[in-house]
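For reference, the structure is listed below as structure tokens.
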Protein chains: 2
Amino acid sequence: MLEPVNNRMPISPQIYERLRRAITTLAMLPSEALSEQDLAQQLGVSRTPVREALIRLADEGLIDILPQRGSFVAPIRLSDVEEAQFIREALEVSVVQKLAGHGSSAFIAAGRVNLAQQAKAVAEGDRELFLELDEGFHRSLCEEAGLPKSWRVIQVVKLQMDRVRYLSLPEPGHLETLLAQHVAIFEAVETGEAKQAGARMAAHLREVLRTVQRLNVARPDLFGQ
Amino acid sequence: MLEPVNNRMPISPQIYERLRRAITTLAMLPSEALSEQDLAQQLGVSRTPVREALIRLADEGLIDILPQRGSFVAPIRLSDVEEAQFIREALEVSVVQKLAGHGSSAFIAAGRVNLAQQAKAVAEGDRELFLELDEGFHRSLCEEAGLPKSWRVIQVVKLQMDRVRYLSLPEPGHLETLLAQHVAIFEAVETGEAKQAGARMAAHLREVLRTVQRLNVARPDLFGQ
DNA sequence: TCATACACACTACCATGGTAGTATGTCAAC
DNA sequence: GTTGACATACTACCATGGTAGTGTGTATGA
């Protein structure tokens, strides 16, 4: 299930990355046990780098470490997801408000390319590709605004929403809605309408939250607390 | 300099806590080396928990780990401090806006006590106590708003400002200004004036940033990049 | 005098062994 | 059948040894 690591590069970050991906894509389900020993064997490494990866994941709220008992994939806590949404909204609204009217021409050009690719992905029904472009879209807003740390924060809190989004049910017209919102946000940023940009970003992120809440009804087994 | 740890409790978090405090209080200065080996000896523990603490501190941007070379207290990067301020402002403004008019009576009572203590600390010129009460004031806003994770984020980005604030020059009337701003924010929260509360919080946090910028001029040796 | 090769001391990094603490299953006593 | 004590099999946690990579000083060459 987990392929051996690349020995030419630092091991601990590699393990962190794989586990994070496994958790956010729900390859590892909530409350599943994560033994240092087992993981080390599966990956063909020692327990030390595994342990370090687990600690990082625990800091980010993706796993729960119970001392002398075990480590487990954290349940999806609706309160955590809702607060993640709150944090994202506060930050990203401020980001686009700051960015509005100040995007470089290179940024504008790259944004248009990204949105075109999003449209293509939607047309082809390629959900996974769309989510990837989605992530790139939001990241580029932070980077262009000169706010890399903000993106880091967003990325971490976003993890809580990601693993539900990943499996969220294919609803007709949903991707189209998200794409249209992206386009609207980008337009407001491009023309410098700061307030509009912020309002549209807020509406967009609330749409994402609704996805999660629907899933809470459809798959209560994934949720906890 | 560093006292031995308490063996009855998990060691790694203890070390993290001590190093964090040492860095934010400038007991350890920027660019100072932090050797796993040395720290382990000083603390009377092995290198493993020290290493885990260093990794956490690196994640939070307080130290820089250069593979196979060493770990060093991170310089104060003005760009980091400015972005920390941006993040705090975005979050805390949203927090007080959400909280305004919804504080419980217990919260209001506790807030008044805290502000009275702040006033006493200011009157007595007890800077350290004031900073502690200041932290408690901001934390209580997040907690009462039901946003513990937000406080965690704020706490982490705040670290960047803390170590400069800690040594920042005693300016006549500065603490009085901060206290007055706290009172004004609290009033707006109490009476439910959400917009006012947000605006006052923004002004307050910008005042804090100015402190840092003054210090950049006075003590350029602490800054880097 | 200056440039270059090289030995050495140092680092973070990973592997591995040992320990205290927790849960679980088994068996005896009631 | 129920409850309690106890052995056992896990766990995370810390200690320690070994290794590859990096910087620095030193000797050797021109």
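Naming: A, B, ... by sequence-line order, numbering from 1 per chain.
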note: Arg69(B), atom CZ; dG21(D), atom C1'; distance rounded to Å ~ 11 Å
Discussion item. Under a 3.5 Å cutoff, is there a donor and acceptor pairing between the side chains of Gln42(B) and Asp38(B)?
Written reply: no
| request: Describe, in one word, how the ring planes of His204(B) and His182(B) are oriented to each other, choosing from parallel (under 30°), tilted (30 to 60°) and perpendicular (over 60°). | output: perpendicular
Checking dC14(D), dA15(C), dC13(C) against the side chain of Ile11(B) (C-beta onward), the nearest is dC14(D)
When rounded to whole Å, the CD1 to P distance for the pair Ile65(B) and dT11(C) reads 14 Å
Phosphate-side-chain proximity, Arg47(A) and dT16(C), N/O vs OP1/OP2 below 4.0 Å: no
note: Leu66(A), atom CG; dT22(C), atom P; distance rounded to Å ~ 12 Å
Review point. Mind checking whether Arg163(A) and Thr25(A) have side chains closer than 4.5 Å, heavy atoms only?
Key: no
Looking only at dC13(D), dC14(C), dC14(D), the nucleotide nearest the Gln68(A) side chain is dC13(D)
Phe72(A) atom CZ is separated from dT11(D) atom P, nearest whole Å, by 9 Å
note: Leu39(B), atom CG; dC14(D), atom C1'; distance rounded to Å ~ 16 Å
Classify the nucleic acid contact of Leu34(B) as base, sugar-phosphate or nothing, counting any heavy atom under 4.0 Å across all strands shown.
sugar-phosphate
Worksheet item: Would you say a side-chain N or O of Ser12(A) is under 4.0 Å from OP1 or OP2 of dC14(C)?
Response: no
Here the distance between atom P of dA12(C) and atom CG of Asp64(B), to the nearest Å, is 13 Å
To the nearest angstrom, the CE-C1' distance between Met9(B) and dA12(D) comes to 16 Å
To the nearest angstrom, the CD-P distance between Gln37(B) and dC13(C) comes to 14 Å
Ranking Pro49(A) and Pro67(B) by the position along DNA chain C of their nearest nucleotide, the one closer to 5' is Pro67(B)
Just checking, any donor-acceptor pair under 3.5 angstrom between side chains of Ser71(A) and Glu36(A)? no
With a cut-off of less than 4.0 Å, is there a side-chain N or O of Arg51(A) near OP1 or OP2 of dC13(D)? yes
> Hey, is the side chain of Ser46(B) poking within less than 4.0 Å of OP1 or OP2 on dC14(D), counting only N and O atoms?
Replying inline: no
_Under 3.5 Å, is there a donor on one side chain and an acceptor on the other for Ser94(B) and Glu89(A)?_
no
Per nearest nucleotide of DNA chain C, the residue lying toward the 5' end, Glu36(B) or Thr48(B), is Glu36(B)
